[in-house]
Amino acid sequence: MIKRLKSTYEVVGNQLLRGPLRIVLLSILPLIIGMLLYGIILSHVLNKNLQKQKDSIRTNLEIAIAEELRGRIESAWSIVDYYYQNNLKKEDCLKALNNIRFGQTNYLWVHQLDSNRADSAFMLVHPEDKIRNKDLSGMIDLKRIESLYYNGEIYPHGSSQISHIKPVNIFLEFNDVCLKDGAGVVKYYWPKIFRGQSSNIGYLKMSYVKYFPQWKWVLGAGAYADHIDHLVAIETADIEQDMQDTWNVFFTSTFLIFVILIAVTYYISKKLAMRIINHGKELYETQQQLANEVAQLKKAKKEIAEMMIASDIARKKAEDAEYQSRQAKKELEISNMDLELAKQKALELATKAEQANIAKSQFLANMSHEIRTPMNSIIGFGRILKEEIIDEIHKEYTELVVDSAENLLCLINDILDFSKIEAGKLNCELIDVDILEIVNSIESMMSPEAIKRGVEFCKKIEGLSHIYINTDPTRLRQCLINVIGNAIKFSENGRVCLKVSSVQKESQDFIQFTIEDNGIGIPEDKIRSVFDAFTQADNSTTREFGGTGLGLTITKRIVKLLGGHIDVQSKVGEGTNFVIQIPVGNIEFCQADMSPHTNIKPKTPDNSIVFDGSVLVAEDIKTNQVLIRVLFERLGLNVVIVEDGQKAVNSALTETVDLIFMDMQMPVMNGYNATKTLREKGFVTPIIALTANAMKGDRQKCFEAGCDDYLPKPIDIRELIEILKKYLPYVYCEKSAIIMTGD
């Protein structure tokens with residue numbers, strides 16, 4: 001009986017060992033198949049999301065490139081439209097367009113259509129000589145000449161299936177877009193410039209083209225887009241890494257589950273089987289041991305129950321982890337909503353900032369007018385009193401008043417210039433300029449100030465290779481006067497020298513202005529801060545020498561606008577050297593010989609001149625009326641003064657006058673409307689705008705209203721006399737007829 005039980009135990013034990021293993025192995029196969037299918041679906045979903053991210057990023061990059069190109073072409077198109085509307089020459093317009101550059105590889109081109117035919121393309125503007133003034137209707141896309149598109153498929157170059165297909169023509173695509181839609185973007189393949197040489201390999205490029213139908217011009221600008229794939233790869237690198245990590249975690253966890261499942265099943269099965277077998281052996285030896293084995297079997301059952309409980313605990317922890325994951329996802333969605341709200345708030349703040357900038361510009365324009373109006377009377381009457389007062393003490397007091405008023409005007413101009421620069425509204429007008437004429441005028445202007453402070457002032461012209469440069473003469477004078485004025489101010493009883501020479505940097509010609517002084521110098525740790533706004537090397541400098549701390553800041557930014565550089569070297573107690581380099585630019589006439597110009601002195605204004613004629617002045621401020629009457633009567637003119645624009649119109653149409661000076665801001669009718677009314681009635685007498693409006697665009701606004709000339713307040717007598725010379729007869733007398741402005 002016991003042997004039979006032992007044999008039975010052994011059979012049962014072996015079945016317990018083999019049976020669970022067989023069940024586990026049979027269940028693994030569908031589980032493996034299911035996990036593989038899940039992995040394939042997961043991989044497809046992740047790859048699809050990744051591709052959407054790449055497509056979205058690539059689309060945004062292409063849109064950004066297209067918008068930038070569209071902005072360039074809209075600016076160029078506005079230039080062409082301006083020339084067309086004003087009946088200017090096409091040749092001048094082409095010259096203006098030819099000067100536009102956007103870096104070495106991005107440029108503007110213009111080609112001509114012949115009678116609106118899409119198969120014509122005669123290049124008018126292009127940076128490469130071999131392309132300009134050529135018929136490019138046969139220009140071929142470098143990439144698609146080797147692999148052409150046909151019916152949605154790509155065939156290799158030379159294939160018999162495409163022997164009847166013509167290569168893709170770039171300019172025909174441009175023309176089709178312009179003639180169909182007026183403007184648009186074209187993708188194609190174009191060579192790049194490497195070290196000055198054009199490659200034969202085509203690189204992906206995007207161009208924006210727009211049609212100007214009046215002249216049958218196609219305007220285009222392009223930018224290479226072959227870097228987009230690299231940028232997309234960089235932007236999606238983290239996503240791909242996360243995808244790879246997710247994939248690795250999936251396979252690792254799956255593998256561990258399989259191994260743990262097999263190991264646990266085998267362990268439990270083997271342990272149960274061995275215990276049953278051992279129970280049989282022990283029963284064969286002694287019946288007493290059977291009871292002990294039964295007890296151990298109960299203990300094993302208890303352990304299994306505990307393991308099942310542990311399994312339930314592990315499952316609950318997994319459910320908790322999944323719940324926490326869902327909560328984290330919700331928090332991420334809330335964060336994204338907060339981020340979107342922050343973006344909207346930023347847009348609102350940007351809009352408010354733009355509105356504040358517009359309000360600031362309007363405030364500056366009003367303040368400029370309101371400050372310049374009383375300054376006109378203060379400076380004008382101060383100079384008259386200085387000339388007429390005999391008592392030396394009172395004369396000295398009057399000079400102090402005039403100097404203070406002129407210093408205040410300089411401060412106002414500095415603040416206005418700085419505000420224009422900060423707002424990005426300070427423009428430069430580039431014209432051909434005689435350097436020697438500028439240097440001589442600055443010498444005559446700064447020498448009296450140097451003499452007044454006991455400073456020796458000199459100039460040196462050292463082997464100029466260019467006498468003329470293409471720049472803004474007013475802004476260049478402003479820069480040189482700022483730096484030379486500082487040098488004179490900080491070199492009392494010393495020496496200041498202006499040196500002018502030619503230099504060449506990176507194959508570009510520059511005119512170099514070096515201002516040397518032997519003044520107090522600048523500490524080494526303060527040199528770079530002198531170009532910061534409202535900053536001077538030492539706080540005591542403002543108290544001792546005055547100034548806003550804006551002069552060098554404005555100078556540096558203007559020099560940068562002119563395409564130049566400014567640098568400074570200094571030692572305390574030895575002096576300071578400022579170096580300004582201005583590019584020669586694109587001058588449009590032959591270089592003149594230097595020798596006739598070396599001794600040229602700027603023409604000084606005449607202060608012994610008398611004019612013949614009658615002048616009508618429209619001015620609403622009483623103090624300015626008195627000042628203008630005194631100035632004009634001393635110049636020999638008959639003056640009629642009215643206080644608003646309507647009276648100016650009535651007086652001009654009923655009385656005979658030779659010249660009109662028109663204030664722009666007046667009650668009843670302002671100067672702009674008064675001038676327009678006179679011009680509409682056929683009034684041809686010259687009208688001079690006399691206004692304290694000195695902000696950007698004020699001069700042009702006066703000309704658009706119909707004015708012939710522009711004279712800002714405070715009135716500079718020299719400028720006034722030059723304007724009067726244009727329109728009235730005059731003679732010279734032996735004695736001064738008017739007090740001149742300045743020294």
Side-chain angles (χ1 to χ4, degrees), residues 403 406-407 410-411 413-414 435-436 438-464 475-503 510-560 562 564-582 601-602 742-743:
D403 290 343
E406 290 177 344
N407 289 335
C410 290
L411 297 180
N413 289 335
D414 280 351
I435 300 170
L436 299 177
I438 290 179
V439 171
N440 288 332
S441 66
I442 289 175
E443 179 187 20
S444 66
M445 185 181 302
M446 303 307 297
S447 292
E449 180 66 19
I451 294 172
K452 181 178 178 181
R453 291 182 176 267
V455 176
E456 178 188 351
F457 180 75
C458 69
K459 68 171 183 179
K460 293 183 180 179
I461 310 296
E462 300 177 343
L464 290 181
R475 295 303 175 186
L476 177 57
R477 284 192 183 92
Q478 182 178 356
C479 294
L480 294 175
I481 290 172
N482 280 346
V483 178
I484 295 173
N486 273 359
I488 293 174
K489 182 167 61 174
F490 293 109
S491 304
E492 194 161 351
N493 299 320
R495 182 173 181 271
V496 175
C497 187
L498 170 62
K499 296 181 179 180
V500 186
S501 59
S502 297
V503 296
F510 289 83
I511 297 299
Q512 177 170 295
F513 301 91
T514 305
I515 297 92
E516 300 177 351
D517 69 67
N518 58 356
I520 61 176
I522 305 172
E524 185 175 354
D525 60 336
K526 302 290 185 180
I527 286 181
R528 293 303 165 194
S529 65
V530 299
F531 292 113
D532 296 338
F534 308 104
T535 300
Q536 294 183 336
D538 188 345
N539 289 335
S540 62
T541 301
T542 301
R543 295 192 297 271
E544 182 176 354
F545 297 99
T548 60
L550 290 175
L552 291 179
T553 303
I554 294 170
T555 297
K556 182 176 181 179
R557 300 194 185 185
I558 291 176
V559 169
K560 186 176 180 180
L562 296 177
H565 317 279
I566 184 171
D567 198 7
V568 58
Q569 297 176 347
S570 182
K571 287 186 178 180
V572 175
E574 296 184 12
T576 305
N577 290 350
F578 280 89
V579 178
I580 299 176
Q581 295 177 340
I582 302 297
K601 294 290 183 179
D743 294 320

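Put simply, OG1 on Thr576 and CG on Asn518 are 9.5 Å apart, with the number rounded to the nearest 0.5 Å. For the atom pair CG (Leu476) and CD1 (Ile580), the distance works out to 7.5 Å, reported to the nearest 0.5 Å. Interatomic distance, CD of Glu516 versus CD of Gln569, reported as 10.0 Å (0.5 Å rounding). To the nearest 0.5 Å, atoms CD1 (Ile451) and CZ (Phe457) are separated by 10.5 Å. From Ile520, atom CD1 reaches atom OG of Ser491 across 8.0 Å, with rounding to the nearest 0.5 Å. Here the CD-CD1 distance, from Gln512 to Ile582, works out to 10.5 Å after rounding to the nearest 0.5 Å.
Contact check for Cys458 versus Arg495: side-chain heavy atoms found under the 4.5 Å cut-off. Annotation: side chain of Lys459 is not in contact with side chain of Val500 (no heavy-atom distance under 4.5 Å). Side-chain contact between Asn482 and Ile558 is absent, with no heavy-atom pair separated by less than 4.5 Å. Residues Ile484 and Phe513 fail the side-chain proximity criterion, which asks for heavy atoms closer than 4.5 Å. Leu552 has its side chain within reach of Val483: a pair of non-hydrogen atoms, C-beta onward, lies under 4.5 Å apart. Contact check for Leu480 versus Arg477: no side-chain heavy atoms found under the 4.5 Å cut-off. Between Ile554 and Gln478 there is a side-chain heavy-atom pair separated by less than 4.5 Å.
Lys556 and Ile566 get closest at one heavy-atom pair: CG-CG2, 3.8 Å. Closest of all the heavy-atom pairs between Gln581 and Val559 is O-CG1, 4.4 Å. Heavy atoms only, all atoms of each residue included: Asp517 and Asn577 are closest at N-OD1, 4.2 Å. Minimum heavy-atom separation, Ser570 to Gly575: OG-O, 3.1 Å.
Side-chain atoms of Ser444 come within 3.5 Å of backbone atoms of Ser441 as a donor-acceptor pair (strictly under, hydrogens ignored).
Other residues, nucleotides and ligands contribute at most 12 non-hydrogen atoms within 6.0 Å of the CD atom of Glu524.
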